[in-house]
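Heads up, the thing below is written out as structure tokens.
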Protein chains: 2
Amino acid sequence: MTIKELANQLNMSTTTVSRVLTGQEKKYRISEKTAQRVKDLAKAHQFAPNQIARNLRLQKTNTIGLIIPDISNPFFANLARTIEVALRKRDKMVLLCDTKDETTIEEESITLLLGRKVDGLLVAPVGEKWAHLEKTNNIPMVLIDRYFEHKEIPYITTDNYAGSYDATSFLISQGHHRIACIQGLVHTSANKNRIKGFQKALADHKVDTAQTFILGNDYSVENGYESAKSLLQAAEVPTAIFALNNQIAIGVMKAINEAGLHIPENISLLSFDEQPYFELLSPPLSSIKQPMEEIGIAAVETLFELLENKKVTSSRLKPTLIPRASVKSIVKS
Amino acid sequence: MTIKELANQLNMSTTTVSRVLTGQEKKYRISEKTAQRVKDLAKAHQFAPNQIARNLRLQKTNTIGLIIPDISNPFFANLARTIEVALRKRDKMVLLCDTKDETTIEEESITLLLGRKVDGLLVAPVGEKWAHLEKTNNIPMVLIDRYFEHKEIPYITTDNYAGSYDATSFLISQGHHRIACIQGLVHTSANKNRIKGFQKALADHKVDTAQTFILGNDYSVENGYESAKSLLQAAEVPTAIFALNNQIAIGVMKAINEAGLHIPENISLLSFDEQPYFELLSPPLSSIKQPMEEIGIAAVETLFELLENKKVTSSRLKPTLIPRASVKSIVKS
DNA sequence: TCTTATTGCGCAATCGATTGTTTAATAGTA
DNA sequence: TACTATTAAACAATCGATTGCGCAATAAGA
């Protein structure tokens, strides 16, 4: 059913039908009677306008592109949830792209989304390249979780530096000086800032960095597993491991279990990212909790400010340390 | 940049430009030289055709609507991942809708997606109503995870009945006769079949059903928590709990922990849905593992068969029992 | 030289909805 | 009655790409 067919049946022009159905009857002085006839027939046929045609004409799609590295990572899944709900409230729909943390797929996704004329973009970028993020015809874009320091693209992220600094300080306060940090994707701002916070805390507390390690290379369970395995085979096993996201932490736990060791007796563990099941693990896993919901909502709000041509500010939201049994104090008393 | 602007610069018609850019140069005998000029200019301007206009003209959007009850549930998040990847391979994009397991939102989502002229639908329905799923203008649709028995809409799902039957039989074989089953959304086919499997296993093993309980009403952590809490306050606490999804299981564990009880000493627990961290829980959680990846891939394949007007068949894929320490044998020897 | 094929490309309609500008009809005023 | 306002609704262009049909121009054949 199209507006034209309605018009034919009603024996009037598409113009009139369109104006009634878009609520512009008053503005264009359509008579009460005519308007009612249009509405009745539209309802009878359950008419819904073709959005494609509408989008073309109005040069607006009410669609936002959401680019995410890994929707199966609960951190991003929760973020996507919050974002979808927030956007729906504002009558926008979400075109979802999962980049698998591959820059090529990210570039391709940007191209596809631009071709589809999305009104805006929410991107958690891989972080290796950014040229494609600057060639987006100036459509509103907000980065999530990760950003580019030297670029002016607005972003909403956790204060990864602070979170990591707190986490590391906590480990040190518990007597840990031989700490291994298993990182995620090296180029991401999230990772870089977590590493910075880690190193700054070590420095501030005058920890001998010859005894600390940074290893790993992506945000996967496998990376946590393999990295931990190699750590456990070293001559001097660290007393604590700081896993830079929830999936890495899971991998680390598996490796430690398989090696027949115990957390926290043999080694302590702390994860960046909190998950609902962390308190149920054996042992309950200490973590840095990111304000996921706030990030999603702030990102959507910021995007809408851009859509309304307002000035926006980026923000780094504070995470919280949740100490649990997985970190043991080894302070000699 | 539009095809028209290109045509103007090249001093030729949009027709020619379009034909070259859609690779129809041969078919319409565009000269080698002309074709090259078009391609060169298009590349120079990084021209990408406006998909909205294209979609309108071709009556095809290369977009699939994905309707899911809860993207933050790792089961659906993983499914979404698989589906997104499979669709991308086939040059389709995903419009994502999260219904929060609310029928109203599901109905609204269908309407929105139809208005946007998606080429097909992948739906994990709430399950309470289906009328809106039959008024979809015959666009190809495949149900995932949940379906409607008396309807002919094709579906791909786990064999929930078999999984639940196996799980229950396993519990019984371990000596459990006072079993509580905490269910999810009552109307979903997944839930109904899991309940059926549960009851059939009880019957086949001649378990006194006066001692078994079925309670709960949705797939949330809270439901698991509250249901378990009420169970633990009963005069006769069950010896085993069967949680009908991963989130319910988490809630149950929390409640048991809070009550100061222990799994499996005081009570055994088994979950429908496997998650990577289950083996790391305290104690490692027994589960029924659903073939998530297979479901996603099969759903996309089936959808494409529909798009190609082929006949399709629904399927129920077999899950696997993974016994772990959370279930204790209480067989008297 | 004249007719017929073939080559190369453009005209104009189309997809469905929106909207600035007109037009026709009716009402109101002098 | 003649003329201006006002009311009600239609015309036609537009968004950008695609495509059936047609028309020159050139080449080939008689």
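Sequence lines set the chain letters: A, B, ... in the order given, protein chains first and strands last, and positions in each chain run from 1.
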> What is the distance, rounded to the nearest whole Å, between atom CD of Q36(B) and atom C1' of dG8(C)?
Replying inline: 17 Å
>> Looking at every heavy atom in both M93(A) and C97(B), which two are closest together, and how far apart are they?
In response: CE-SG, 3.3 Å
> Is there a donor-acceptor contact under 3.5 Å from the side chain of T188(B) to the main chain of G184(B)?
Replying inline: no
> Starting at CD1 of I30(A) and ending at C1' of dT18(C), how long is that distance when rounded to a whole Å?
Replying inline: 13 Å
>> Whole angstroms only, please: what is the CG-P distance between N62(A) and dA17(C)?
In response: 16 Å
> Does the T34(B) side chain pair with the main chain of I30(B), one donor and one acceptor, at a distance under 3.5 Å?
Replying inline: no
> To the nearest Å, how far apart are Q24(A) CD and dG20(C) C1'?
Replying inline: 12 Å
> Does a nitrogen or oxygen in the side chain of T16(A) sit under 4.0 Å from OP1 or OP2 of dA10(D)?
Replying inline: yes
Report all side-chain donor-acceptor pairs from residues 79-91 of chain A shorter than 3.5 Å, counting only partners two or more places apart or in another chain.
| residue | atom | partner | partner atom | Å |
| --- | --- | --- | --- | --- |
| R81(A) | NE | D98(B) | OD1 | 3.1 |
| R81(A) | NE | D98(B) | OD2 | 2.8 |
| R81(A) | NH1 | D70(B) | OD1 | 3.1 |
| R81(A) | NH2 | D98(B) | OD1 | 3.4 |
| T82(A) | OG1 | N78(A) | O | 3.0 |
| E84(A) | OE2 | R88(A) | NH2 | 3.0 |
| E84(A) | OE2 | D98(B) | N | 3.3 |
| R88(A) | NH1 | E108(B) | OE2 | 2.8 |
| R88(A) | NH1 | S109(B) | OG | 3.3 |
| R88(A) | NH2 | S109(B) | OG | 3.2 |

> Does a sphere of radius 6.0 Å around NZ in K151(B) hold more than 12 heavy atoms from other residues, nucleotides or ligands, not counting ones at 6.0 Å or beyond?
Replying inline: yes
>> One thing to verify: whether R19(B) and E25(B) come together as a salt bridge, which I'm taking to mean a side-chain N less than 4.0 angstrom from a carboxylate O.
In response: no
> Which residues, if any, of residues 5-13 of chain B bring a heavy atom under 4.0 Å of DNA chain C?
Replying inline: M12(B), S13(B)
>> When you measure from the side-chain N and O atoms of Y28(B) to the phosphate of dG10(C), is any distance below 4.0 Å, counting only OP1 and OP2?
In response: no
>> Taking 4.0 Å as the cut-off, does a side-chain nitrogen or oxygen of S31(A) come that near to OP1 or OP2 on dT7(D)?
In response: no
>> From CZ of R29(A) over to C1' of dT26(C), roughly how many Å is that when rounded to an integer?
In response: 13 Å
>> Can you give me the bend angle of the helix from dT1(C)-dA30(D) to dA30(C)-dT1(D)? Use the axis through the first five pairs and the one through the last five, nearest 10 degrees.
In response: 70°
With a 3.5 Å cut-off and sequence neighbours excluded, list the donor-acceptor pairs that the side chains of residues 300-313 of chain A form with protein atoms.
| residue | atom | partner | partner atom | Å |
| --- | --- | --- | --- | --- |
| T302(A) | OG1 | A298(A) | O | 2.7 |
| E308(A) | OE1 | K310(A) | NZ | 3.1 |

Distances for protein N or O near nucleotides 12-16 of chain C N or O, under 3.5 Å:
| residue | atom | partner | partner atom | Å |
| --- | --- | --- | --- | --- |
| dA12(C) | N6 | T15(B) | OG1 | 3.3 |
| dT14(C) | O2 | R57(B) | NH1 | 2.8 |
| dC15(C) | O3' | Q59(B) | NE2 | 3.3 |
| dC15(C) | O2 | R57(B) | N | 3.4 |
| dG16(C) | OP1 | Q59(B) | NE2 | 3.2 |
| dG16(C) | N2 | A53(A) | O | 3.1 |

> What is the minimum heavy-atom distance between L21(A) and A42(A), and which atoms define it?
Replying inline: CD2-CB, 3.8 Å
Could you tabulate the donor-acceptor pairs under 3.5 Å formed by side-chain atoms of residues 142-150 of chain A, not counting sequence neighbours?
| residue | atom | partner | partner atom | Å |
| --- | --- | --- | --- | --- |
| R146(A) | NH1 | D101(A) | OD1 | 3.0 |
| R146(A) | NH1 | P125(A) | O | 2.9 |
| Y147(A) | OH | N193(A) | ND2 | 3.0 |
| Y147(A) | OH | R316(A) | NH1 | 3.4 |
| Y147(A) | OH | R316(A) | NH2 | 3.4 |
| E149(A) | OE2 | K196(A) | NZ | 3.3 |

> Given atom NZ of K26(A) and atom P of dA9(D), what is their separation to the nearest angstrom?
Replying inline: 14 Å
>> Donor-acceptor check, side chain of E102(B) to backbone of T99(B), threshold 3.5 angstrom: yes or no?
In response: no
> Counting just side-chain N and O atoms, does T22(A) come under 4.0 Å of either OP1 or OP2 of dA17(C)?
Replying inline: no
> Any donor and acceptor pair, going by atom type alone, linking the side chain of T61(B) with main-chain N or O of K117(B) inside 3.5 Å?
Replying inline: yes
> Is the base of dG20(C) touched by the side chain of R19(A) through a donor-acceptor pair closer than 3.5 angstrom?
Replying inline: yes
